[in-house]
Undergrad: 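Take this structure, written in structure tokens, and hold onto it; I'll ask about it next.
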Amino acid sequence: MNNLNQHYRDLLGLDVAWRVDEVDLDLDGMQVVIELSHAGGTLVCPECGQTCSQADRAPLRTWRHLDTMQFTTIIRAATPRCRCSECGVKTISVPWSGKHSRFTLMFEAMAIEVLLACANVSKAAGLLGLHWEAVHTIIKRAVERGLDRRSLEGMTHVGMDEKSFGKGHDYVSVLTDLDHHRVLEVAPERTIEASDRLWETLTEQQRSNIASVSMDMWQAFMTSAEKNVPEAEIVHDKFHISKYLGEAVDKVRRSEHRELLADGDERLTGSRQLWLYNAENLDEDRLDELLELQQSDLKTGRAWTIKEHFRHFWVYVYPGSAKRFFERWYSWAIRSRLEPIKKVARMLKAHLPGLLSYFRHHVTNAMAEGFNSRIQSIKSSARGFRNFANYRLRILFHCGKLKMIPETCH
Ligand SMILES: [Zn+2]
């Protein structure tokens with residue numbers, strides 16, 4: 001055996017049963033083909049592990065390996081088939097690749113790293129010199145491998161979220177582990193059934209460990225949580241709540257702006273963004289603008305003050321004090337004569353227990369919301385997302401914190 005052959009033997013981590021017969025260097029095609037053959041002898045059944053004799057050889061096939069200095073590197077071998085007294089004739093496992101894979105383990109490991117680092121699949125596919133289908137297969141196998149290895153021990157705080165999907169008003173429901181900052185599972189739609197399906201991915205033991213579920217004030221999620229994790233407390237997520245309040249302010253602004261414009265008053269023109277930001281996030285000029293508008297006795301200004309004041313709710317330590325604050329805030333909001341604000345106030349009052357449970361668990365879906373931009377970029381990138389299964393795989397691949405790298409041969 002020459003040095004090059006020995007080099008590839010070492011590189012592939014081959015045991016004594018395999019030898020490198022030939023290394024074909026195709027300079028024009030920028031390709032290296034490594035021909036391997038098996039020494040024969042006793043074989044191990046891939047199904048049951050018992051030693052057996054060789055039946056024949058499977059047809060010659062190829063595996064894509066890591067490139068060697070920009071040369072596409074291919075392994076070619078006819079794998080022996082063993083005759084097992086229990087399982088019949090089976091193709092033995094090879095040390096460099098997983099079952100049914102067209103890639104070596106090292107190539108898959110590399111591909112996973114590239115895919116994780118790339119913002120979009122097309123770019124990764126280009127770098128790897130693979131077609132979309134092959135990339136999809138690697139992602140699918142990586143997620144399955146990761147889910148098999150995943151431990152759900154010690155999980156006490158979870159989040160139930162919705163994400164838009166597709167072009168219309170389709171949604172998916174997402175179960176997240178707030179303790180370990182990861183997405184656990186994704187189901188189509190945002191119904192009770194969708195939520196039930198997510199709970200069913202956990203064992204009874206795992207469900208009984210859950211102390212709180214953070215979610216929007218969404219009845220389907222609440223009903224499903226009450227049924228599937230009756231011991232857990234529902235915590236209504238504060239980011240969803242401030243979003244409702246922000247939208248209420250915006251509704252007040254829009255209708256007031258229309259009324260003012262009818263009288264030729266342009267005070268609210270171009271002010272939409274001003275009311276949406278928290279005061280501390282505005283630069284000085286915009287803050288001055290906001291304060292000036294605040295002094296001119298507008299409905300929008302009142303709505304904004306009520307929204308801003310609600311932020312104090314979250315800094316209380318004791319639920320009792322927070323509840324007293326809420327009651328004062330509520331009666332103020334309800335007497336505001338601002339319909340959109342009154343509507344949100346009533347919704348919050350109806351969900352008060354789930355607001356107050358925040359002070360026992362201090363959880364929000366902020367982590368899940370942090371995945372928002374990631375999930376958004378998954379949604380908008382590349383092809384194949386008309387299909388829910390692909391969308392789910394990509395979310396788990398990027399946000400599941402799964403251990404997806406195959407155990408390489410060395
Ligand atoms: Zn067997």
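Just so you know, these numbers come straight off a predicted model, no measurement behind them. In listed order, ligands and their atoms are each counted from 1.
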Undergrad: Could you pull out all residues at least two apart from Asp56 that satisfy salt bridge (charged side-chain N to carboxylate O under 4.0 Å, His left out)?
TA: Arg81

Undergrad: State, with a plain yes or no, whether a side-chain heavy atom of Leu36 is found less than 4.5 Å away from one of Ile75.
TA: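 Yes - at least one pair of side-chain heavy atoms lies under 4.5 Å apart.
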
Undergrad: Kindly write out the residues that satisfy ring pair (Phe, Tyr, Trp, His ring centres under 6.0 Å) with Trp63, not counting sequence neighbours, or none if the list is empty.
TA: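 Only Trp96 meet the ring pair (Phe, Tyr, Trp, His ring centres under 6.0 Å) criterion with Trp63.
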
Undergrad: Which pairs, with at least one residue in residues 105-126 and sequence neighbours excluded, count as a ring-ring contact (aromatic ring centres under 6.0 Å, His included)?
TA: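 Those involving residues 105-126 are Phe103-Phe107.
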
Undergrad: Assess the residue pair Phe221 and Ile192 against the criterion (side-chain contact (heavy atoms from CB on, under 4.5 Å)); give the C-alpha distance rounded to whole Å, side-chain angles, the decisive distance to 0.1 Å, and a yes or no.
TA: CA-CA 6 Å; Phe221 289 169; Ile192 297 176; over 6 Å; no

Undergrad: Give me the protein N, O or S atoms that fall under 2.8 Å of the Zn ion (ligand 1), sorted by chain and residue number.
TA: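 Only Cys45 SG, Cys48 SG, Cys84 SG, Cys87 SG fall inside 2.8 Å of the Zn ion (ligand 1).
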
Undergrad: Less than 4.0 Å between a side-chain N and a carboxylate O, is that true for Lys299 and Glu259?
TA: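 Answer for the salt bridge query: yes.
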
